Amino acid sequence: MSTNTELAKMFHTMATVLEIMGENAFKVNANSKVARALEDLVEDVATIEDVTTIPGVGKSSAKKIAQYIESGEMFEYQQLIASIPHGLLDVMNVQGLGPKTVRRLWQEADVTDIPSLREAIENGRLASLPRMGKKTIENITQSLDFLATNANRTRLGVVLPIAENLIAQLKVLKGVTNMRYAGSLRRGKETIGDIDILASTDEPKLLTDTFCAMSDVEKILAQGDTKCSVRLDVGLQVDMRVVDVVKFGAALLYFTGSKEHNIVLRERAIKQDKKLNEYGLDPSNLSETEEVIYADLGMPWIPPEVREDHGEFACNETPMFITSKDILCDLHCHTPGSDGHMSIEELATIAIARGFHTIAVTDHSQSQGQANGLKPDRLRTHIDLIREKNETISGVTILAGSEVDILPDGTLDYDDELLAMLDIVVASPHAALQQSPEDATKRLLAAIEHPLVHIIGHPTGRIINKRKGLEPDIPTLVAAAVECDTALELNANSYRLDLKDTHVRAACEGGAVIAINTDAHRPEDFDQLQYGILTARRGWAEPKNCINCLEHDELQTWLLRK
DNA sequence: GCCGTTTTCGGCCCGACTGTTTTCAGTCG
């Protein structure tokens, strides 16, 4: 785990402990804020001279960070975690239990962790506490059962289709005038906690009743006039809010978040003697669209993907981030030459249908035995086949490429003579993904600096919720990528999204170019492009930052420079 | 604990729903 991640976890933990101890809520929040800042920090925090330059990090936190970097320990952290049973941190994850209740459970019912909480429920100790009725205990029990089986946030690629399907079913109901998803889904985060749906309707009861009665609803968590929450059988929570159509914009803004973005917006409103909530911006009484609210606060409309209070408030105009329409080619695709399931003809047909001017065939190299990687002889034959198809198929340029393995020591899986025969070389790490950050940085640097490599494919090799992948020093890679004019891939597959959002931003700000590719093995994989686009937008990427936005001849020129 | 387009001290976002209560605290987003 990187120092940043370790420290972020510690600050999160300190915030939770302080909360349970009943500390000042602002102090709690300050610790959470530091944790968040560290999570999103791309540079190694140890390399930053003055950490108080990071927004949210003040003198006190800086001292703790410095102490940890120097000694590997943090006095205050150790003191805090020693002050409560460690298992209480898990109890805080039970839905419906907050700091006040957890403290009471601990001090009045000897609850110290999840097992002792279950035990206290079973032997009736919990029921003897004041304000612990039958219903509350039933809810805690169900939350415990849920927690035991569903710990992770769900991948964007799973949640988005579910949300679209729900909306398609509910939007056609009588009286519904408006319906959209909001929350972290609209912001395009790589994982989603729950689905937020916002609706306007003349028949609110019909909508909420239908929603709660849908066949994939497993449990109704709350059902009021304007708000209801359910849990789907797949384990996802869906919150629906019904709002007046003339207040839809204010509600959309509010429920899209992030919380941190909203807080800054409300603070701005207060400074201008205004008041912003989910019903509108007073006293101007603006609420119909997000745009008018931002405008009244003296700001341009901010795309949802960057509403994280990470610099978007400095924008003087709406940034023109990349969209799917800007993507003119896919430079990383597979065929049965290795482990793909589309012929070259099929690839070409799909590329033409999507309006691409170019598609690259980049099958795996020889080390990828399990993926039917091409031995040098087979690659030569494969290149001939691709060239032949490129001659006979019109309407799209088909590039002969390879996704060549970056071996653990940074060398490539084919010799230079063979690589030089290719139109495009995507070099990716596939094995030895647990090496040290130092080794990973060296390995990837070698590939970036290789004169025949155009793109570094999925640079960290992470699999969301499954595999951490490499932890190279991103600023170092970005600097080298700029120097060598090598593109860093944002692999659009929703399992990967690698580079991730903060890395994309570091790349773009550092002047490196990115490539957004689907790594398609099957026809439907091309639909994953949308997740890559959302992630790129979260990384503030504009078309000028991305080689997939180059016109045909510009791309050829860029490729031939290597 | 952090921060400053009135502030280095005095603030720090705001409303809905639930459950257990006779008027509201706690949790969530």
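These numbers were taken from a predicted model, which means no experiment stands behind them. In the text below, chain A, chain B and the rest are named by the order of the sequence lines, each starting its count at 1.
- In this model, the phosphate group of B:dC14 is not approached by any side-chain N or O of A:N277 to a distance below 4.0 Å at OP1 or OP2.
- In this structure A:S60 satisfies the side chain to side chain donor-acceptor pair (under 3.5 Å) test with no other residue, sequence neighbours excluded.
- Checking B:dC12, B:dC2, B:dA16 against the side-chain heavy atoms of A:E267 singles out B:dC12 as nearest.
- Cation-pi check for A:R155 over A:Y495 is met; the charged atom lies under 6.0 angstrom from the ring centroid and within 45 degrees of its normal.
- Across residues 238-260 of chain A, A:D239, A:R241, A:Y254, A:K259 each have a non-hydrogen atom less than 4.0 Å from an atom of DNA chain B (numbered order).
- The side chain of A:S61 places no N or O atom within less than 4.0 Å of a non-bridging phosphate oxygen (OP1 or OP2) of B:dG1.
- Under the Watson-Crick or G-U wobble criterion, with both distances below 3.5 Å, B:dC28 is paired with B:dG15.
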Each nucleotide of nucleotides 18-28 of chain B classed B (base within 4.0 Å of a protein heavy atom), S (only sugar-phosphate) or -, in 5' to 3' order, makes SBS----BSSS
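- Here the side chain of A:F26 is nearest to one of B:dA16, B:dC12, B:dC2, namely B:dC12.
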Please tabulate, one pair per line, each protein N/O and nucleotide N/O from nucleotides 6-11 of chain B that are separated by under 3.5 Å, including the distance.
none

Identify every side-chain donor-acceptor pair in residues 234-249 of chain A under 3.5 Å, counting partners at least two apart or on other chains, and give the distances.
unit_1 : atom_1 : unit_2 : atom_2 : d
A:Q237 : OE1    : A:Q95  : NE2    : 3.2
A:Q237 : NE2    : A:D239 : OD1    : 2.9
A:D239 : OD1    : A:S229 : OG     : 2.6
A:R241 : NH1    : A:D196 : OD1    : 3.1
A:D244 : OD1    : A:V246 : N      : 3.4

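- Proximity of residues 10-22 of chain A to DNA chain B (heavy atom under 4.0 angstrom from any strand atom) is not detected for any residue.
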